[in-house]
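This report refers to the structure that appears directly beneath it.
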Amino acid sequence: GNTLAVGGDSYVYLWSKSDEGYCKRRANFSRHVRLQPITTICHVDVKDSFVCGTISGILLMFTDRNCVRNVKGHMGSVTAIYSCQHGLVTGGKDERIRLWTHTLEPGATFDMAHFGLGPQLRSVCL
């Protein structure tokens, strides 16, 4: 698309392409979720939305610039998100990989702790 999403310490900014260049807007968090550092962002093609992972393990789904859903995804920070036609995959500091639908309904969970001492999940792909 024509929008760039950037997350950081308690903010998500969206830069949208316009005739004059780029217009910066701040995303609106849900009043049910406290502001917190954003650790990862991924565009969700089939929903024209994006999902952010947070330092506390919460997944936030945004449509346009509004947070429309939040779920506890991991114990500890979300370290990776990937989206494809089948859904989303997330990885976290809790050494787990989780599968989700495009609407953040949970699917399978894989515990990576069984594959070695302290695996650190930094990227996921399906």
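In this text, all values refer to a predicted model and were calculated from it rather than measured experimentally. Computation of the quantities below employed the complete heavy-atom set of this structure, encompassing side-chain atoms and omitting hydrogens, waters and symmetry-equivalent molecules.
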Task: Contacts of Arg65 that satisfy salt bridge (Lys or Arg N to Asp or Glu O under 4.0 Å) - sequence neighbours left out - done: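 In terms of salt bridge (Lys or Arg N to Asp or Glu O under 4.0 Å), with neighbours along the sequence ignored, Arg65 is linked to no residue.
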Task: salt bridge (charged side-chain N to carboxylate O under 4.0 Å, His left out) pairs, two or more places apart, involving residues 25-36 - done: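 Qualifying pairs: Arg25-Asp64.
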Task: Results of ring-ring contact (aromatic ring centres under 6.0 Å, His included) for Tyr11 - residues two or more places apart only - done: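 With sequence neighbours excluded, Tyr11 shows a ring-ring contact (aromatic ring centres under 6.0 Å, His included) to Tyr13, given in chain and number order.
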Residues which pass side-chain contact (heavy atoms from CB on, under 4.5 Å) with [X], listed by chain and number, not counting sequence neighbours:
X      : value
Val71  : Leu59, Arg69, Trp100, Leu104
Leu99  : Val89, Ala108, Phe110
Thr109 : Arg96, Arg98

Open item on the list: Suppose we screen for side chain to side chain donor-acceptor pair (under 3.5 Å). Which residues come up paired with Ser10, at least two apart in sequence or across chains?
Closed with: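 For Ser10 there are no side chain to side chain donor-acceptor pair (under 3.5 Å) partners, ignoring immediate neighbours.
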Task: Thr39: partners by side chain to side chain donor-acceptor pair (under 3.5 Å), with sequence neighbours left out - done: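 With sequence neighbours excluded, Thr39 shows a side chain to side chain donor-acceptor pair (under 3.5 Å) to no residue whatsoever.
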- [ ] List, by chain and number, the other hydrophobic cluster members for Val12, where Ile, Leu, Val, Met, Phe, Trp and Tyr join if side-chain heavy atoms come within less than 4.5 Å, directly or indirectly.
- [x]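 Cluster partners of Val12: Leu14, Phe29, Val33, Leu35, Ile38, Ile41, Phe50, Ile58, Leu60, Phe62.
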TODO: Nearest 0.5 Å please: distance from the OG atom of Ser56 over to the NZ atom of Lys93.
DONE: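 Interatomic distance, Ser56 OG to Lys93 NZ, rounded to 0.5 Å: 13.0 Å.
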Task: Pairwise side-chain contact, Asn66 with Thr63, heavy-atom cut-off 4.5 Å (strictly under) - done: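 A side-chain contact is absent here, since even the closest heavy-atom pair is not under 4.5 Å.
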Task: Inter- and intrachain pairs under ring pair (Phe, Tyr, Trp, His ring centres under 6.0 Å), touching residues 68-91, at least two apart - done: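 For residues 68-91, and leaving out neighbouring residues, there are no ring pair (Phe, Tyr, Trp, His ring centres under 6.0 Å) pairs at all.
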TODO: Report the C-alpha distance between Thr3 and Trp15 in whole Å, list the side-chain angles of each, state the deciding distance to 0.1 Å, and finish with yes or no for side-chain contact (heavy atoms from CB on, under 4.5 Å).
DONE: CA-CA 5 Å; Thr3 303; Trp15 278 273; 6.0 Å; no
